[in-house]
Structure formats: C-alpha cells, structure tokens
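The structure appears below as structure tokens.
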Amino acid sequence: MPELPEVETVVNDLKAHNVEGQRITAVRIFWPRSVHSLPHRSINATLIGRTIKKVWRRGKYIVFDLEPDTRFLIHLRMSGRIRVVAKSARRDRHEHVCITLKNDTEIRLHDTRKFARVYIGEKAKGPLEKLGREPLAGTFEAADLLAIVRSRSRAIKPLLLDQSLIAGLGNIYTDEALWRAKVHPAKKSTALSTREAAALCRAIKAVLRKGIKYCGTSLGDGDNNFFSLGERRGRNGDRLTVYQRNGQPCLRCGHMIARIIVAQRGTHFCPQCQR
DNA sequence: AGTCTTGTTCGACT
DNA sequence: CAGTCGAACAAGAC
C-alpha cells in the first residue's frame with residue numbers, strides 16, 4: 001500500500017508526465033464517494049480552467065497546487081493508483097475520477113477497493129492541517145522524535161503510525177524502521193531511551209530514503225499491490241528486512257522472524273534482536 | 001456463497 | 001483527556 005515512499009514515487013512520475021503547467025479542462029466522476037468537496041456541486045467551478053502549478057507530497061497525500069489559488073489532494077489509501085493516459089483511452093471500470101488536461105491526457109484515479117479519496121477546494125484544507133512532522137525533513141532530528149515518544153504513553157508502533165505526530169509511515173516502513181533500530185514494536189514509547197529514540201529517528205529516515213530510491217514497495221500481483229504510473233512496480237519489495245518475512249531467518253541474527261498483532265495491525269519483528 | 005482480510009479514519013467507549 | 005477498540009469502507013481471496 002502506498003506510504004510515504006510510494007506517494008513520493010507517484011509524485012515524481014506525475015512530474016515526469018508533465019502534468020505541471022497543464023490546465024484542467026474537464027472532470028468526470030464515476031463514483032461520487034471518491035470525492036470530498038464542499039459543496040459537491042462546485043467541483044467543476046473549483047477545478048476547470050485552473051492550471052496545475054505544482055505537484056508535491058505531504059505525508060501520504062498528493063497535493064496539486066492550482067492557479068488561481070486553490071488546491072486538490074489525492075490520498076490513495078490501500079489500493080488507489082494514479083494513471084496518466086490519453087483522454088481517448090477506454091475507461092477501466094475501476095477508474096473512478098478522471099481529470100482531463102489541456103494536452104488531451106487525463107489523470108485518472110484507479111481503485112479496486114474505492115477507499116482512495118480526492119479532496120477538493122475547502123475540503124482540501126483540513127487533512128493537511130492535521131498532519132504531524134515530515135520525517136525526512138532536515139529539521140526532524142533525534143531530539144524531535146524523543147519529544148514525540150515522551151509526549152505520549154502508548155506502544156511505539158501505533159505511535160509511529162499516528163499521522164498527526166509523524167506523517168507518512170504505514171505498516172511496512174514502521175516494521176522496517178523498528179527492526180533496524182532494534183526496538184520491540186509493543187514497547188511503551190515512554191520507555192525508549194534517548195539512545196533508542198536517536199537510533200529510531202535514523203532508522204525511519206534510512207528506510208524511507210531506501211524506499212524512495214527503489215521507487216516504492218510492490219508485493220505480489222494482487223489488486224491492493226502498489227504500482228506507480230504506467231503500472232510500474234517498485235523494487236523495494238526484495239529489499240525488505242522484516243515485513244512479511246515471518247518464518248524466515250532474521251538477516252542480523254538468524255532467529256526466526258515472528259508475526260504478532262500490535263494495535264490490531266499485523267506486525268513483523270525479530271524476537272531476538274528487538275526487545 | 002459466506003467469511004475473512006487489508007489500512008486508515010473516525011466515533012464510541014474506558 | 002488520552003488511549004484503546006471496533007466499525008466502516010469495498011472487493012478480492014479463500
């Protein structure tokens with residue numbers, strides 16, 4: 001599923017497909033619940049005729065800054081994918097929102113599960129305001145993570161997944177970061193030492209950068225698997241250290257990787273080196 | 001053919 | 001209030 005590195009990959013691919021600078025000429029919606037707009041009828045007025053000035057990422061949101069001043073967001077949730085295709089291309093039955101551009105291409109939201117959302121105009125403000133720190137920002141340092149883990153008393157894994165504290169981590173990269181930092185996913189956040197918090201901060205940045213470097217994680221061929229534009233697979237799946245490696249040996253100590261449930265989430269870790 | 005699974009958000013409950 | 005738990009979302013896998 002798309003987490004920070006996957007969303008970053010999609011943003012990079014959108015830039016490579018030259019959507020920046022294009023004017024929006026039409027919007028077609030085939031599954032209304034995929035769109036959050038206020039009021040819903042103003043979608044055309046908010047988008048059509050405006051130019052996409054910049055595409056960027058905040059947490060797991062794709063942000064489209066428009067000119068004149070407004071924006072829309074896309075959150076891919078579990079199985080959402082973005083396509084940029086000729087507007088004449090036949091619509092797939094899972095393509096729920098099509099945004100036509102001046103150059104006769106379309107940005108299409110494809111989602112078998114229909115959980116992905118497009119936030120338009122006023123509705124695009126709230127989601128970004130609720131987000132916490134950007135983990136890859138240079139200003140996000142060990143001391144910042146330490147302050148966050150000390151500010152709450154809960155298991156470290158759900159804390160890392162809390163988008164209002166740190167924006168962009170999901171199940172995959174959280175498990176990867178905790179393994180790398182040798183921290184047990186169920187350990188109480190307040191019990192982390194200064195040293196552990198520093199290691200975890202470094203681990204978070206490292207696993208996210210690695211994910212971006214290999215254009216995201218695509219596991220298997222299922223419908224909720226991640227693909228970027230052009231059905232391009234991420235190559236980070238082969239490089240995961242713990243996620244979905246339960247039953248296989250730990251790459252550090254050889255102990256068998258375990259799968260447990262933490263905060264109702266499937267969690268992969270090494271019982272030997274993560275205490 | 002019904003049940004389970006999946007990630008995220010949100011609301012209810014403790 | 002802070003944290004935990006479960007529901008809802010939707011469709012594919014089994």
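Reminder, nothing fancy here: chain letters follow the sequence lines and each chain counts from 1.
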Five-pair end axes of the helix from B:dG2-C:dC14 to B:dT14-C:dA2 and the angle they enclose, rounded to 10°: 40°
Nearest-Å distance for atom pair CD1/P, residues A:Ile156 and C:dT4: 12 Å
Integer-rounded Å distance: C:dA2 P and A:Ile148 CD1: 15 Å
Salt bridge (charged side-chain N to carboxylate O under 4.0 Å, His left out): pairs with one or both residues in residues 114-124 of chain A, sequence neighbours excluded: A:Glu122-A:Lys125
Sugar-phosphate only, base, or nothing, as touched by A:Tyr173 at under 4.0 Å among non-hydrogen atoms: nothing
5' precedence on DNA chain C between A:Asp111 and A:Ala155 (nearest-nucleotide basis): A:Ala155
Residues that A:Lys15 engages under side chain to side chain donor-acceptor pair (under 3.5 Å), provided they are two or more places apart: A:Glu20
Separation of atom CG in A:Leu109 from atom C1' in C:dA10, rounded to whole Å: 14 Å
Any residue meeting ring-ring contact (aromatic ring centres under 6.0 Å, His included) with A:Phe140, in chain and number order, not counting sequence neighbours: none
Selected nucleotide, minimal atom distance to A:Lys114 side chain, candidates C:dT4, C:dA11, B:dG7: C:dA11
SB check A:Asp65 A:Lys53 (cutoff 4.0 Å): no
Phosphate-side-chain proximity, A:Arg33 and C:dA10, N/O vs OP1/OP2 below 4.0 Å: yes
Note: A:Arg108-A:Asp92 ion pair, threshold 4.0 Å (strictly below): no
Interatomic distance where NE2 belongs to A:His36 and P belongs to C:dC9 [whole Å]: 12 Å
Any residue meeting side-chain contact (heavy atoms from CB on, under 4.5 Å) with A:Glu176, in chain and number order, not counting sequence neighbours: A:Ile172, A:Val207, A:Leu240, A:Thr241, A:Val242, A:Tyr243
Base versus backbone protein contacts along nucleotides 8-14 of chain B [heavy-atom cut-off under 4.0 Å; B, S, -]: BS-----
Gap between atoms CD and P, on A:Gln244 and B:dT6 respectively (whole Å): 9 Å
Show me, pair by pair, the donor-acceptor contacts under 3.5 angstrom made by side chains of residues 251-265 of chain A, not counting sequence neighbours?
from     : atom 1 : to       : atom 2 : distance (Å)
A:Arg252 : NH1    : A:Trp179 : O      : 3.0
A:Arg252 : NH2    : A:Trp179 : O      : 2.7

Nearest-Å distance for atom pair CD1/P, residues A:Ile261 and B:dC4: 15 Å
Interatomic distance, A:Leu160 CG vs B:dG7 C1' [rounded to whole Å]: 16 Å
Euclidean distance, atom CG of residue A:Asp175 to atom P of B:dT6 [Å, nearest integer]: 12 Å
Sugar-phosphate, base or nothing in reach of A:Arg117, heavy atoms under 4.0 Å: nothing
Side-chain N,O (A:Arg113) to OP1/OP2 (B:dG7) below 4.0 Å: no
List the atom pairs, with distances to 0.1 Å, where a side-chain N or O of residues 142-151 of chain A and a protein N or O form a donor-acceptor pair under 3.5 Å, not counting sequence neighbours.
from     : atom 1 : to       : atom 2 : distance (Å)
A:Asp144 : OD1    : A:Arg133 : NH1    : 3.4
A:Asp144 : OD2    : A:Glu141 : N      : 2.7
A:Arg150 : NH2    : A:Leu192 : O      : 3.3
A:Ser151 : OG     : A:Ile148 : O      : 2.7

Pairing residues for A:Thr105 by the side-chain contact (heavy atoms from CB on, under 4.5 Å) criterion, not counting sequence neighbours: A:Val84, A:Leu101, A:Asn103
